[in-house]
K.L.:
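Pasting a structure here, questions to come.
Chain A is the first sequence line, chain B the second, and so forth, proteins listed ahead of strands; every chain is numbered from 1.
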Number of protein chains: 4
Amino acid sequence: MSPTMDGTKQRRRGDTRQRILDVALELFAEQGYEKTSLREIAERLGVTKAALYYHFKTKEEILVSLFESLTRPMEELIEWGRRQPHTLETKQEIVRRYDQALAGAAPLFRFMQENQATVRELRIGETFKQRMRGLKDIIVDPDATMTDQVRCFTALLTLHAGMFLMQDLGGDLEERRKAALEVAVDLVTQAHRDAHAS
Amino acid sequence: MSPTMDGTKQRRRGDTRQRILDVALELFAEQGYEKTSLREIAERLGVTKAALYYHFKTKEEILVSLFESLTRPMEELIEWGRRQPHTLETKQEIVRRYDQALAGAAPLFRFMQENQATVRELRIGETFKQRMRGLKDIIVDPDATMTDQVRCFTALLTLHAGMFLMQDLGGDLEERRKAALEVAVDLVTQAHRDAHAS
Amino acid sequence: MSPTMDGTKQRRRGDTRQRILDVALELFAEQGYEKTSLREIAERLGVTKAALYYHFKTKEEILVSLFESLTRPMEELIEWGRRQPHTLETKQEIVRRYDQALAGAAPLFRFMQENQATVRELRIGETFKQRMRGLKDIIVDPDATMTDQVRCFTALLTLHAGMFLMQDLGGDLEERRKAALEVAVDLVTQAHRDAHAS
Amino acid sequence: MSPTMDGTKQRRRGDTRQRILDVALELFAEQGYEKTSLREIAERLGVTKAALYYHFKTKEEILVSLFESLTRPMEELIEWGRRQPHTLETKQEIVRRYDQALAGAAPLFRFMQENQATVRELRIGETFKQRMRGLKDIIVDPDATMTDQVRCFTALLTLHAGMFLMQDLGGDLEERRKAALEVAVDLVTQAHRDAHAS
DNA sequence: CATGAATGAGCGTTCATTCAT
DNA sequence: AATGAATGAACGCTCATTCAT
């Protein structure tokens with residue numbers, strides 16, 4: 001009965017923590033945070049609730065852990081953006097890279113979008129808000145008119161919507177994402193040109 | 001003991017139902033649907049939980065009632081839009097009027113936006129989805145390119161964002177709303193022109 | 001708008017009390033006492049719960065009233081039986097008449113049978129027990145062997161069973177009742193003969 | 001802190017599930033199913049309501065569990081009976097053994113008898129009905145006259161009555177049971193003889 | 001590394017009942 | 001003769017969390 005036996009069960013040794021995260025993300029995204037109980041997560045994994053508490057101190061910590069690992073790219077993007085000159089090219093590149101970051105952690109972002117009320121009261125709420133502010137500061141020119149500021153903000157929104165909300169437009173996901181990216185780049189470009197017009 | 005006596009208690013006779021709706025909307029918008037308990041609503045009103053059940057069959061019914069009464073203008077807008085020719089002017093007018101509808105029921109729309117995961121599982125979820133689809137069908141030209149379809153969809157999003165999400169842009173609410181409306185109209189216009197270019 | 005107008009509503013004037021009893025009996029028999037709520041009774045009648053309280057002091061009183069009016073024949077039967085000589089013919093006649101009494105208030109007796117646990121804690125519980133004891137004293141000879149006493153008791157049971165429990169035996173209700181009556185008479189007769197054998 | 005310490009608390013380790021069943025049966029039989037609340041059961045055990053839910057999914061499941069474990073002998077009896085020839089001796093033996101089965105789970109059977117209305121709506125209702133049908137099919141000859149079929153059915157009833165209903169006949173329980181058994185055997189015998197008379 | 005057993009707080013809901021009108 | 005509005009108590013159930021083993 002060595003623990004290294006590669007039976008279906010034993011093979012999983014040590015990655016329980018990751019499996020918890022996987023299942024939790026799936027369920028959080030599907031049903032929301034409050035409607036997903038630890039019992040449900042545990043059952044789907046074939047372990048007991050208490051096992052979850054070996055790996056995480058609270059339910060919220062599971063979410064924090066998911067958030068931190070999955071939004072690393074977004075954080076790096078902001079850091080990168082901060083060091084760039086505020087040129088049009090930078091802004092366009094930010095938009096393109098943010099689109100990538102979104103796609104890379106789609107379930108989490110979907111969750112964040114659909115559970116805003118919940119997230120607001122959680123530790124990650126403020127963190128996320130700051131990230132969005134960081135992004136905004138890069139692509140929004142503070143001297144621009146309010147209208148152009150809105151355009152830039154909307155650009156970010158469009159990317160989110162392209163991933164999660166525009167199913168009614170038909171076409172497949174990739175097509176919609178591509179179009180959304182185009183619109184987003186367009187908005188940022190337009191805002192930039194307005195601001196730097198002679 | 002005339003019913004017009006303005007005693008703190010007697011004055012309230014008969015309007016309990018409306019007071020429940022008021023308090024519920026306030027709390028739903030503030031904390032979310034699941035985190036708002038009937039106990040909380042009742043306590044804030046100075047009645048017992050059971051009293052709520054005299055006026056509404058379930059917790060969900062309170063929300064349904066709020067939804068139905070507060071989205072009437074949106075419904076009427078869609079009906080009006082359907083009867084109009086699909087001209088640019090109509091689309092612009094829809095956007096303007098939708099902005100009005102949003103402003104008139106801001107707390108509810110904020111609630112809908114921040115509790116999407118919850119709403120999706122509730123009766124009003126599907127209804128709301130259909131409404132949004134209805135709006136989309138009016139301002140989105142089905143023959144347009146995907147990019148222009150996204151532009152129209154984004155226009156609607158921008159209005160929502162103008163009300164709830166753009167606080168970081170500074171300025172006051174009215175300023176942001178005006179700018180958002182401008183961007184929205186612009187997006188719809190651009191999409192329309194693309195589609196009807198020679 | 002005279003109250004004597006024979007509109008569907010107005011015609012019922014004054015017999016609401018009886019209509020409550022009718023509906024209550026139907027529901028009590030169908031679903032049991034505890035599972036039948038006053039709300040349900042009121043709704044089915046198209047009145048409010050409070051109206052029930054105009055006619056009856058408590059839920060239990062509705063049942064008491066049903067019981068008292070529907071078991072009058074049983075009471076009279078016992079009074080009659082007490083005045084008769086304890087002959088075989090009397091006993092047989094008691095069985096026959098009890099069969100009639102049962103048939104005349106079948107829903108109530110079904111209710112009593114299926115809700116014994118509940119009835120035991122209600123006011124009518126003791127009353128009913130005394131009635132059964134009264135019946136027993138007439139058809140059971142106190143000097144008889146225990147076996148013969150059981151036979152007589154079983155005779156009564158058989159009648160109940162004939163009305164409510166023997167559906168699995170096939171045939172129609174009348175056929176089963178006739179057979180049950182025959183068996184009951186038979187049991188009483190056998191008990192009597194045993195006791196009076198030389 | 002050895003688990004064999006006979007402290008009032010420690011001794012109980014691991015048998016909570018059984019203690020729940022014991023207390024539940026006692027209360028269900030005494031007061032009925034609906035009038036017995038989980039709070040009551042928990043309090044009597046010195047645990048919280050939630051503890052019950054660790055061991056059973058629902059209140060109904062407690063009853064199902066009681067039913068299944070306590071009616072095993074009845075089930076085995078039916079299986080045995082089905083494999084026997086349909087002789088008089090078999091039928092008599094079934095009656096005797098059923099008497100034993102009843103005595104072995106008296107509180108449960110008393111509960112089933114006194115809560116028929118409730119049981120009918122529960123999962124065990126149909127199961128129990130099928131069991132009774134199974135028993136009936138063994139001791140009731142389908143070709144017999146309705147009267148003889150009723151006799152056989154009555155035989156089973158008599159056994160039930162002997163355990164629960166015949167307290168008014170005086171004597172002690174054992175005496176009544178013996179007499180009831182005698183009457184039951186007699187009824188079955190009589191039915192069999194009628195059917196197989198030349 | 002994980003389980004078994006349990007808790008305390010709370011939830012949405014239902015009920016019989018009351019009472020001023 | 002009946003309603004509208006409300007209550008207090010209870011119910012079955014679920015949850016995140018704890019802790020000895």
K.L.:
Measure from CG on A:Leu122 to C1' on F:dA16 and round the result to the nearest Å.
P.N.:
13 Å
K.L.:
What salt bridge (charged side-chain N to carboxylate O under 4.0 Å, His left out) pairs are there with at least one residue in residues 36-46 of chain B, not counting sequence neighbours?
P.N.:
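Listed by first then second residue: B:Glu26-B:Arg44, B:Arg39-B:Glu43.
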K.L.:
Under the side chain to side chain donor-acceptor pair (under 3.5 Å) test, which residues partner B:Glu34, sequence neighbours left out?
P.N.:
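Here the qualifying residues are B:Thr118.
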K.L.:
Taking CG from D:Leu45 and C1' from E:dA5, how many angstroms apart are they, rounded to a whole number?
P.N.:
14 Å
K.L.:
In terms of the nearest nucleotide of DNA chain F, which residue is placed more toward the 5' end: D:Lys59 or C:Ala51?
P.N.:
C:Ala51
K.L.:
In whole Å, what is the span from the CD atom of B:Glu43 to the C1' atom of F:dT7?
P.N.:
15 Å
K.L.:
Closest approach to the side chain of C:Tyr53, judged atom by atom: which nucleotide of E:dT18, F:dT18, E:dA2 is it?
P.N.:
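My answer, after comparing the listed nucleotides, is E:dT18.
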K.L.:
Measure NZ/B:Lys57 against P/E:dC15 and give the value in whole Å, please.
P.N.:
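Whole-Å distance recorded here is 13 Å.
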K.L.:
Can a side chain N or O of B:Ser37 be found less than 4.0 Å away from OP1 or OP2 on E:dG10?
P.N.:
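So the side-chain polar atoms of B:Ser37 never come under 4.0 Å of the phosphate oxygens OP1 or OP2 of E:dG10.
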K.L.:
Atom CD1 of C:Ile20 and atom P of F:dA1: how far apart are they, to the nearest Å?
P.N.:
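Rounded to the whole Å, the gap is 11 Å.
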K.L.:
According to a strict under-4.0 Å criterion, is B:Thr16 in side-chain N/O contact with OP1 or OP2 of F:dA6?
P.N.:
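Yes, within the criterion.
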K.L.:
With sequence neighbours left out, what residues match D:Glu121 under salt bridge (charged side-chain N to carboxylate O under 4.0 Å, His left out)?
P.N.:
C:Lys35
K.L.:
Please report the interatomic distance NZ(B:Lys49) to CG(B:Leu52), rounded to the nearest 0.5 Å.
P.N.:
9.0 Å
K.L.:
Not counting sequence neighbours, which residues clear salt bridge (charged side-chain N to carboxylate O under 4.0 Å, His left out) with C:Glu30? List them please.
P.N.:
none
K.L.:
Output every pair passing salt bridge (charged side-chain N to carboxylate O under 4.0 Å, His left out) with a member in residues 55-66 of chain A, not counting sequence neighbours, ordered by first then second residue.
P.N.:
A:Glu61-A:Arg123
K.L.:
Parallel under 30°, tilted from 30 to 60°, perpendicular over 60°: which one fits the rings of D:Phe128 and D:Phe67?
P.N.:
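Correct class here is perpendicular.
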K.L.:
CD1 of C:Ile41 versus P of E:dT14: gap in Å, rounded?
P.N.:
17 Å
K.L.:
Can you check whether D:His55 has a side-chain N or O nearer than 4.0 Å to OP1 or OP2 of E:dA6?
P.N.:
yes
K.L.:
Map A:Lys49 and D:Arg39 onto DNA chain F by nearest heavy atom, then report which one ends up closer to the 5' terminus.
P.N.:
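Looking at DNA chain F, the more 5' nearest nucleotide goes with D:Arg39.
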K.L.:
The side chain of A:Ala50 lies closest to which of these nucleotides: E:dC1, F:dG4, E:dT3?
P.N.:
E:dT3
K.L.:
For DNA chain E, find the residues of residues 22-36 of chain B with a heavy-atom distance under 4.0 Å and give them by number; none if there aren't any.
P.N.:
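When residues 22-36 of chain B is checked for heavy atoms under 4.0 Å from DNA chain E, the hits, listed by number, are B:Thr36.
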K.L.:
Taking the side chain of C:Thr58 as its heavy atoms from C-beta onward, which of E:dT13, E:dT17, F:dT3 lies nearest to it?
P.N.:
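Of the options given, the side chain of C:Thr58 lies nearest E:dT17.
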K.L.:
How long is the line joining CZ of B:Arg17 and P of F:dA5, in whole Å?
P.N.:
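Interatomic distance, CZ of B:Arg17 to P of F:dA5: 11 Å.
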K.L.:
Return the set of residues passing side-chain contact (heavy atoms from CB on, under 4.5 Å) with C:Ala50 (not counting sequence neighbours), or none when no residue passes.
P.N.:
C:Thr48
K.L.:
Is any side-chain heavy atom of A:Phe56 less than 4.5 Å from a side-chain heavy atom of A:Val64?
P.N.:
no
K.L.:
Rounded at 0.5 Å granularity, tell me how far CD1 in B:Ile124 sits from OG1 in B:Thr71.
P.N.:
8.5 Å
K.L.:
Mind jotting down which residue pairs meet the ring pair (Phe, Tyr, Trp, His ring centres under 6.0 Å) criterion with at least one end in residues 29-53 of chain D? Sequence neighbours excluded, please.
P.N.:
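Sorted pair list: D:Phe28-D:Tyr33.
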K.L.:
Give DNA chain E the dot-bracket treatment, 5' to 3': Watson-Crick (N1-N3 with N6-O4 or O6-N4) or G-U (N1-O2, O6-N3) under 3.5 Å, [ ] crossing, | other strand.
P.N.:
.||||||||||||||||||||
K.L.:
Would one find a side-chain N or O of C:Thr48 under 4.0 angstrom from OP1 or OP2 of F:dG4?
P.N.:
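For F:dG4, neither OP1 nor OP2 has a side-chain N or O of C:Thr48 closer than 4.0 Å.
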K.L.:
Rounded to the nearest angstrom, tell me the gap between atom CG in A:Leu38 and atom P in E:dG4.
P.N.:
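From A:Leu38 CG to E:dG4 P: 17 Å.
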K.L.:
When you measure from the side-chain N and O atoms of B:Tyr54 to the phosphate of F:dA6, is any distance below 4.0 Å, counting only OP1 and OP2?
P.N.:
no
K.L.:
Taking DNA chain F as the partner, which of residues 60-70 of chain C come within under 4.0 angstrom of it by heavy atom?
P.N.:
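By residue number: none to list.
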K.L.:
Applying side chain to side chain donor-acceptor pair (under 3.5 Å), name anything that partners D:Arg120, two or more places apart in sequence or on another chain.
P.N.:
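Listed in chain order: C:Glu114.
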K.L.:
Once salt bridge (charged side-chain N to carboxylate O under 4.0 Å, His left out) is applied, do any residues pair with D:Lys129, and if so which ones, sequence neighbours excluded?
P.N.:
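D:Lys129: no salt bridge (charged side-chain N to carboxylate O under 4.0 Å, His left out) contacts found.
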